[in-house]
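Report on one structure; see the data block that follows.
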Amino acid sequence: MPHSIRVAESLLFGGVSYPMAMRPAFLAILAATCLCAQVDQERLNHAASEPANWLTYNGTYFSQHFSGLTGINRYNVDELELQWVYQASSTDKFQATPLVVDGLMYITEPPNKLVALDPTTGREFWIFEHELPERIYPCCGRVNRGAAIWGDTLYWGTLDAELIAVDAKTGNKVWQTTVVEDFERGYALTVAPLIIKDKVIVGTAGGEFGIRGYLAAYDAATGEEAWRFYTIPGPGEPGHETWENDAWKTGGGSIWLTGSYDPELNLTYWGVGNPAPDWNPDVRPGDNLYTDSVIALDPDTGKLKWHFQFTPHDEWDWDAVQIPVLADMEWEGEQRKLMLWGNRNGFFYVLDRETGEFLLGKPFVKQTWAAGLDEDGRPVKIPGRGPSSEGTKTWPGVQGGTNWYAPSFSPLTKLFYLPVWEGYYSVYYKWDQPYEPGKRYLGGVPRSPVSATSRRRFMTYTEDDGYGAVRALNPLTGEMEWEFSMTDVTDSGLLSTASNVLFSGSREGHFYALDATDGTLLWKRYLGGQIGASPITYEAGGRQYVTIASGHAVFTFALP
């Protein structure tokens with residue numbers, strides 16, 4: 001069977017353990033009671049008004065990773081106790097952010113399982129597993145970052161580029177659509193979908209394999225494709241002139257992190273990955289649109305409304321797949337619709353999200369590749385800082401000043417929080433490499449004293465190799481307000497709350513609670529595994545919970 005549903009070995013209802021023969025009846029009860037209201041456009045538009053739930057990958061369409069819950073606060077957070085642990089059955093990287101919807105948690109376990117849990121106990125209700133082909137080699141790990149919900153149906157992508165709809169109550173498959181026929185060329189779906197007005201929007205990973213990336217929308221009821229936007233424009237499409245020769249055919253431009261949406265403007269925003277080959281830019285002259293850009297699309301048609309390119313003609317593999325954080329703030333005496341962006345290239349940006357106008361750009365970590373940004377936000381590159389045959393030492397390193405780890409914005413403190421790698425560099429090398437379908441198309445390699453895995457704590461390194469931190473920036477100036485530094489670097493996303501608590505994690509496996517106003521450490525717990533996901537908080541049964549994935553497990557905490 002290519003797909004299977006496995007009901008948990010024991011299901012509890014009212015404290016009673018039901019035998020196998022009674023499980024169909026139990027699931028019928030579950031289907032009738034656990035989803036008291038369907039998730040529609042109105043609920044998604046106003047997700048911030050129901051903080052008991054976590055309705056999308058980024059919490060809300062504005063992607064602020066902020067919760068209005070206040071039960072856990074700065075004065076009692078040090079009393080948090082572990083409530084339950086869900087242990088994955090694989091040893092692949094756990095990078096998923098769960099959904100919590102009306103008394104159920106849904107989480108994607110790597111590489112391709114969708115699981116429904118009781119958010120108060122962690123007990124499984126059902127598991128849907130997609131069987132993968134034997135030979136599949138995605139770029140950066142067998143990961144899946146999450147699902148989306150619309151009505152009473154869940155949607156998620158697979159590493160062999162299938163989009164699957166599953167009944168949220170029973171775990172039964174509703175439909176399945178092949179997004180990319182020839183996934184063996186390097187295409188994969190690792191992104192959590194975003195649903196806007198009955199369209200399921202996903203992007204393709206695989207930039208390191210020389211794919212031609214795109215973002216596509218599918219009908220939530222049928223799985224039929226509604227529109228497709230190529231992030232690497234072809235002949236006759238705007239932006240194609242930024243590619244010379246036939247480099248656009250293998251130009252990369254993957255999308256592997258979920259975008260944002262402004263219902264009032266009816267615009268959806270997505271960050272686009274690096275061009276290919278990563279480290280030999282000589283074979284792809286030009287700016288290479290729309291790589292390393294944010295694109296603003298009409299979600300009804302997929303038409304491009306505006307774009308902003310952070311790193312034209314990227315030479316360092318600085319994907320711009322960071323999460324677009326939307327905020328309404330006063331800017332120079334005028335109320336503006338803003339987009340806040342801590343970019344992998346080491347610069348913090350503020351854009352007008354209605355027009356794409358560049359408003360502010362400022363380095364937030366050490367960088368040596370640009371003399372600054374011009375009045376339009378275009379970087380003024382310093383010659384000789386790109387990859388070379390003998391190696392070029394450049395800050396930031398290939399993992400960037402930050403990466404895909406979720407930032408947070410608090411409308412209370414008015415601060416933008418982001419995980420950073422400070423003082424981290426790479427030595428970038430390049431060489432000639434022909435394109436071969438299905439093989440990595442890199443054209444070079446970066447070398448760094450900081451491993452991209454969790455092994456750094458076993459290495460010998462110096463202060464010059466950098467460190468990880470959580471930084472709070474004033475988005476109106478780009479200036480740092482405070483910093484919480486760590487021994488190791490961090491891959492953890494962030495979460496801020498209305499009680500001014502900020503949750504974060506480290507690659508060493510520590511889970512932190514900080515004071516969002518000044519960065520003071522309030523509480524920490526060692527979980528034993530690398531934290532490479534984003535924390536969420538929700539309310540169930542009158543209690544507030546905080547959940548984070550660490551290592552190969554999901555940990556959930558609450559007050560006594």
Side-chain angles (χ1 to χ4, degrees), residues 8-12 15 34 50-59 65-73 76-90 93-110 113-127 144-147 149 192 406 408 492-497 499 501-506 509-514 522-560:
E9 292 186 358
S10 65
L11 296 170
L12 298 185
C34 67
E50 47 177 297
N53 291 315
W54 194 271
L55 297 181
T56 73
Y57 174 81
N58 290 315
H65 282 256
F66 172 85
S67 170
L69 295 179
T70 59
I72 298 171
N73 57 52
N76 62 22
V77 68
D78 61 347
E79 300 175 21
L80 283 177
E81 295 179 349
L82 184 64
Q83 303 299 305
W84 55 264
V85 179
Y86 175 78
Q87 181 66 54
S89 59
S90 79
K93 293 187 290 187
F94 222 136
Q95 294 185 347
T97 296
L99 301 179
V100 177
V101 185
D102 300 335
L104 279 180
M105 176 181 286
Y106 304 101
I107 191 163
T108 54
E109 175 188 329
K113 286 184 182 179
L114 184 59
V115 186
L117 303 174
D118 182 332
T120 65
T121 66
R123 183 167 298 280
E124 301 167 0
F125 289 125
W126 54 255
I127 295 178
N144 189 293
R145 296 189 176 87
I149 189 167
S408 177
S492 171
L494 305 179
L495 167 70
S496 60
T497 73
S499 57
V501 177
L502 179 70
F503 291 96
S504 176
S506 76
H510 293 289
F511 188 35
Y512 300 101
L514 309 177
L522 302 174
W523 170 85
K524 75 174 181 178
R525 176 68 63 86
Y526 182 63
L527 303 182
Q530 177 179 345
I531 296 178
S534 298
I536 70 165
T537 188
Y538 58 92
E539 191 172 81
R543 300 177 73 193
Q544 182 180 352
Y545 294 83
V546 179
T547 293
I548 185 68
S550 173
H552 313 299
V554 176
F555 296 79
T556 294
F557 297 85
L559 296 173

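Note that the structure is a prediction, hence the values are computed from the model and not measured.
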Between Phe555 and Phe557, what is the ring plane arrangement, given parallel below 30°, perpendicular above 60°, and tilted in between?
parallel

Least distance between heavy atoms, Ser534 atom then Gly493 atom:
OG-CA, 3.5 Å

Looking just at side-chain N and O atoms, do Thr108 and Asn144 make a donor-acceptor pair shorter than 3.5 Å?
yes

Less than 4.5 Å apart, any side-chain heavy atom of Leu114 and any of Trp126?
yes

Rounded to the nearest 0.5 Å, the CZ atom of Phe66 sits from the CG atom of Leu494 at a distance of 14.0 Å

In Å and rounded to the nearest 0.5 Å, what is the CG to CZ distance from Leu82 to Phe511?
11.0 Å

What distance do Tyr86 atom OH and Met105 atom CE have between them, rounded to the nearest 0.5 Å?
11.5 Å

Does some side-chain heavy atom of Lys93 sit less than 4.5 Å from a side-chain heavy atom of Gln530?
no

OG (Ser550) and CG (Leu527) are apart, to the nearest 0.5 Å, by 4.5 Å

Quickly, which of Leu117, Ile548, Ile536 forms a side chain to side chain contact (heavy atoms under 4.5 Å, CB included) with Pro98? Name it, please.
Ile536

Please answer whether the main-chain N or O of Glu50 pairs with a side-chain N or O of Asn53 as donor and acceptor at a distance below 3.5 Å.
no

Step by step, would you call His552 with Phe94 a ring-ring contact (aromatic ring centres under 6.0 Å, His included)?
CA-CA 6 Å; His552 313 299; Phe94 222 136; 8.2 Å; no

Sub-4.5 Å side-chain heavy-atom contact between Phe503 and Ile72
yes

Would you call Val101 and Ile149 a side-chain contact if the rule is heavy atoms closer than 4.5 Å?
yes

Pairwise side-chain contact, Leu502 with Leu495, heavy-atom cut-off 4.5 Å (strictly under):
no

Test side chain to side chain contact (heavy atoms under 4.5 Å, CB included) on Phe125 and Val115; report intermediate values, then the result.
CA-CA 8 Å; Phe125 289 125; Val115 186; over 6 Å; no

Which is it for Thr97 and Arg145 under the side chain to side chain contact (heavy atoms under 4.5 Å, CB included) test, yes or no, and what are the steps along the way?
CA-CA 6 Å; Thr97 296; Arg145 296 189 176 87; over 6 Å; no

State, yes or no, whether a side-chain contact exists between Leu514 and Leu522 at a heavy-atom distance under 4.5 Å.
no

When you measure from the side chain of Trp523 to the backbone of Arg525, do you find a donor-acceptor pair of N or O atoms at a distance under 3.5 Å?
no

Note, Trp84 side chain near Thr120 side chain (heavy atom, < 4.5 Å):
no

Smallest separation among heavy atoms of Tyr538 and Pro119, with atom names:
OH-O, 2.6 Å

Ser492 and Gly505: which non-hydrogen atoms are nearest, and at how many Å?
OG-N, 3.0 Å

Verdict with reasoning, His65 to Ser496, per side chain to side chain contact (heavy atoms under 4.5 Å, CB included):
CA-CA 7 Å; His65 282 256; Ser496 60; over 6 Å; no

Just wondering, do Gln544 and Thr537 contact through their side chains at under 4.5 Å, heavy atoms?
yes

Roughly how far apart are Gln83 CD and Thr556 OG1, rounded to 0.5 Å?
8.5 Å

Regarding Ser90 and Glu109, is there a side-chain donor-to-acceptor distance under 3.5 Å anywhere?
no

Taking Leu559's backbone N and O only, do any of them form a donor-acceptor pair with Arg543's side chain (distance below 3.5 Å, no angle check)?
yes

Are the side chain of Gln87 and the backbone N or O of Val85 linked by a donor-acceptor pair below 3.5 Å?
no

Inter-residue atom distance Thr497.OG1 - Asn73.CG, 0.5 Å rounding
8.5 Å

